[in-house]
Amino acid sequence: MDSAQYQVLTSDQCVVMLDLLPVAAFHFLVLSKKEIDSLYEDIPLLQHMHEMGLEAAKKTGLPTERFDLGYHQRLSQRRLHLHVVSRDYNSPHLRGKFKFKKASS
């Protein structure tokens, strides 16, 4: 698979890509080019990732208020990354009502 076809935006610090298993109509991943293991490791980089996520959201034509943004890290993808997800949470990739739970505001 050529990952370039999934790239939405790039900077010298990170890349924004379409999620391969989206949980909503619009689902982006913001991946740092630098290995980050903690939210406290590089705050300016995390702020830049957040700004890039908002920029990707704006490209959809929807207001940014219609998106949830959240940092995530798990064993299958150890590198800390940011999810940018439109709030419709409507996708064939959702396998049940509780597959993807957004944090309450």
Side-chain angles (χ1 to χ4, degrees):
M1 165 181 30
D2 179 20
S3 63
Q5 71 187 29
Y6 296 100
Q7 289 184 14
V8 176
L9 297 168
T10 60
S11 75
D12 59 335
Q13 298 178 62
C14 63
V15 61
V16 181
M17 302 185 76
L18 296 172
D19 194 293
L20 295 178
L21 298 172
V23 297
F26 299 103
H27 187 168
F28 306 102
L29 291 179
V30 184
L31 304 161
S32 166
K33 292 180 179 179
K34 174 184 172 185
E35 188 74 33
I36 305 178
D37 291 324
S38 165
L39 280 172
Y40 307 104
E41 192 172 318
D42 191 338
I43 301 298
L45 175 57
L46 296 175
Q47 291 171 327
H48 177 70
M49 291 171 66
H50 187 89
E51 291 165 7
M52 291 288 287
L54 290 176
E55 192 174 329
K58 287 176 187 173
K59 284 179 157 280
T60 68
L62 295 174
T64 56
E65 296 80 25
R66 302 257 325 262
F67 285 82
D68 290 321
L69 284 81
Y71 289 93
H72 186 226
Q73 183 178 22
R74 63 177 192 255
L75 292 176
S76 63
Q77 184 162 343
R78 184 81 181 118
R79 182 173 292 204
L80 185 70
H81 55 283
L82 175 65
H83 286 266
V84 181
V85 183
S86 58
R87 291 186 176 168
D88 57 272
Y89 293 95
N90 182 15
S91 169
H93 299 289
L94 290 173
R95 291 188 207 131
K97 183 171 157 179
F98 301 105
K99 171 77 172 111
F100 188 87
K101 293 172 109 179
K102 67 176 185 166
S104 56
S105 313

Please report the interatomic distance CE(Met17) to CD(Gln5), rounded to the nearest 0.5 Å. 8.5 Å
For Leu18, side chain to side chain contact (heavy atoms under 4.5 Å, CB included) partners two or more places apart: Tyr6, Val8, Phe28
Any salt bridge (charged side-chain N to carboxylate O under 4.0 Å, His left out) pairs touching residues 3-26, not counting sequence neighbours? none
Geometric class of the His81/His72 ring pair [parallel <30°, tilted 30-60°, perpendicular >60°]: perpendicular
Across all chains, not counting sequence neighbours, the side chain to side chain donor-acceptor pair (under 3.5 Å) partners of Ser32 are none
Approximate separation, where rounding is to 0.5 Å, of Leu31 CG and Ile36 CD1: 10.5 Å
My understanding is that only residues two or more places apart in sequence, or in another chain, count here; which of them pass side chain to side chain donor-acceptor pair (under 3.5 Å) with Thr64? none
For residues Ala24 and Ser86, report the shortest heavy-atom separation together with the two atoms involved. CB-O, 3.2 Å
Could you walk me through whether His83 and Leu29 pass the side chain to side chain contact (heavy atoms under 4.5 Å, CB included) check? CA-CA 5 Å; His83 286 266; Leu29 291 179; 3.1 Å; yes
Excluding sequence neighbours, so at least two apart, what forms side chain to side chain contact (heavy atoms under 4.5 Å, CB included) with Gln13? Ser11, Leu45, His48
Report the distance from atom CG of Leu46 to atom CG of Leu82, rounding to the nearest 0.5 Å. 8.5 Å
Residues passing the side chain to side chain donor-acceptor pair (under 3.5 Å) test with Asp42, sequence neighbours excluded, are Lys34
Measuring from Leu80:CG to Glu41:CD, what's the distance to the nearest 0.5 Å? 8.5 Å
Scan the side chains in residues 51-59 for donor-acceptor partners under 3.5 Å anywhere in the protein, sequence neighbours excluded, and list what turns up.
none

